[in-house]
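Notes follow once the structure below has been shown.
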Amino acid sequence: MKKLIAVAALASLAACGGGADEPAEDASLDEAAAEVIPSTSAGTYTSTTEDGTEVSVALNADGTYAVMQGGEQVETGTWEDNIRGTCLTAEGGDGEDCWNIQPGAEDGMMDVTDSTGQTMSYSFEG
């Protein structure tokens, strides 16, 4: 709901921009956008699937990522935070896959909800 309100605020601010010669207030738009766009920390997120396979996702500070599953690299690509969440675009893929990453109930844990709505708990090392 908070994100929906922020998006509506962005639209309202853009609509109130005035004439073509008057630029919209950039600082206000930047502040509203900052409330909506997540700020994900680079680092390694590790979890274990139901069948016991370890999965880790390394989000690198340079905007690249790698996914390891069962000790083997299974995917690489780029990542960025945007209004849809933390979005990964696989090399050779057909678009981005966006996640919602939130602090978990325990210290050092993160709850990651994928684009299908499935949430898994990951440990985080930054």
Side-chain angles (χ1 to χ4, degrees):
M1 184 69 168
K2 196 177 203 181
K3 288 183 181 182
L4 180 60
I5 291 170
V7 170
L10 274 173
S12 296
L13 286 172
C16 296
D21 294 335
E22 298 177 29
E25 289 290 324
D26 289 344
S28 296
L29 291 174
D30 291 343
E31 289 173 19
E35 290 180 22
V36 177
I37 297 174
S39 179
T40 304
S41 297
T44 302
Y45 297 77
T46 305
S47 188
T48 304
T49 63
E50 289 180 12
D51 69 1
T53 304
E54 183 176 279
V55 175
S56 66
V57 180
L59 299 180
N60 303 311
D62 67 357
T64 61
Y65 76 90
V67 177
M68 302 288 287
Q69 188 170 357
E72 293 185 30
Q73 184 172 297
V74 295
E75 184 176 301
T76 60
T78 59
W79 72 277
E80 71 174 349
D81 287 331
N82 63 40
I83 199 164
R84 291 174 299 286
T86 301
C87 298
L88 287 66
T89 304
E91 288 180 12
D94 59 352
E96 63 186 14
D97 183 26
C98 298
W99 299 353
N100 180 351
I101 302 174
Q102 299 291 322
E106 298 177 33
D107 250 2
M109 298 299 289
M110 303 296 277
D111 290 335
V112 178
T113 305
D114 66 17
S115 58
T116 67
Q118 180 180 356
T119 300
M120 288 183 62
S121 188
Y122 284 74
S123 64
F124 174 73
E125 287 185 39

(message) Can you give me the closest heavy-atom contact between Met120 and Thr48, atom names plus distance?
(response) CE-O, 3.9 Å
(request) Report the C-alpha distance between Gln69 and Val55 in whole Å, list the side-chain angles of each, state the deciding distance to 0.1 Å, and finish with yes or no for side-chain contact (heavy atoms from CB on, under 4.5 Å). (result) CA-CA 5 Å; Gln69 188 170 357; Val55 175; 4.0 Å; yes
(request) Identify the two heavy atoms, one from Ser123 and one from Met109, that lie closest to each other, and give their separation to 0.1 Å. (result) CA-SD, 3.6 Å
(request) Please check if any side-chain donor atom of Thr40 sits under 3.5 Å from a side-chain acceptor atom of Asp81, or the reverse. (result) yes
(request) Can you label the angle between the Phe124 ring and the Tyr45 ring as parallel, tilted or perpendicular, going by 30° and 60°? (result) tilted
(message) Atom CG of residue position Asp107 - does it have more than 12 heavy atoms of other residues, nucleotides or ligands inside 6.0 Å?
(response) no
(message) Can you give me the closest heavy-atom contact between Leu59 and Tyr65, atom names plus distance?
(response) CD2-CB, 3.8 Å
(message) Using the rule that Ile, Leu, Val, Met, Phe, Trp and Tyr join whenever any side-chain heavy atoms are under 4.5 Å apart, tell me whether Val112 and Ile83 fall into a single cluster.
(response) no
(request) Start with the C-alpha distance between Ser115 and Asp97, add both sets of side-chain angles, then the distance that settles side chain to side chain donor-acceptor pair (under 3.5 Å), and finish with yes or no. (result) CA-CA 6 Å; Ser115 58; Asp97 183 26; 2.6 Å; yes
(request) Measure from the side-chain N and O atoms of Ser47 to the backbone N and O of Ser121, and report whether any donor-acceptor pair falls under 3.5 Å. (result) yes
(request) Heavy atoms only: give me the nearest Pro38-Asn82 pair and the separation to one decimal. (result) CD-O, 3.1 Å
(request) Please tell me if the side chains of Trp99 and Val57 come closer than 4.5 Å, counting only heavy atoms from C-beta onward. (result) yes
(message) I need the Asp114 CG to Thr119 OG1 distance, nearest 0.5 Å.
(response) 7.5 Å
(request) Could you tell me which non-hydrogen atom of Leu88 sits nearest to which non-hydrogen atom of Thr86, and how far apart they are? (result) CD1-O, 3.8 Å
(request) Specify the closest pair of heavy atoms between Ile101 and Met110, including all atoms of both residues, with the distance to one decimal. (result) CG2-CE, 3.7 Å
(request) Determine whether more than 12 heavy atoms belonging to other residues, nucleotides or ligands lie under 6.0 Å from atom CG of Asp94. (result) no
(message) If we ignore hydrogens and angles and just use 3.5 Å, is the side chain of Asn60 paired with the main-chain N or O of Gly63 as donor and acceptor?
(response) no
(message) Counting C-beta onward and ignoring hydrogens, is there a side-chain heavy-atom pair between Glu96 and Thr89 closer than 4.5 Å?
(response) yes
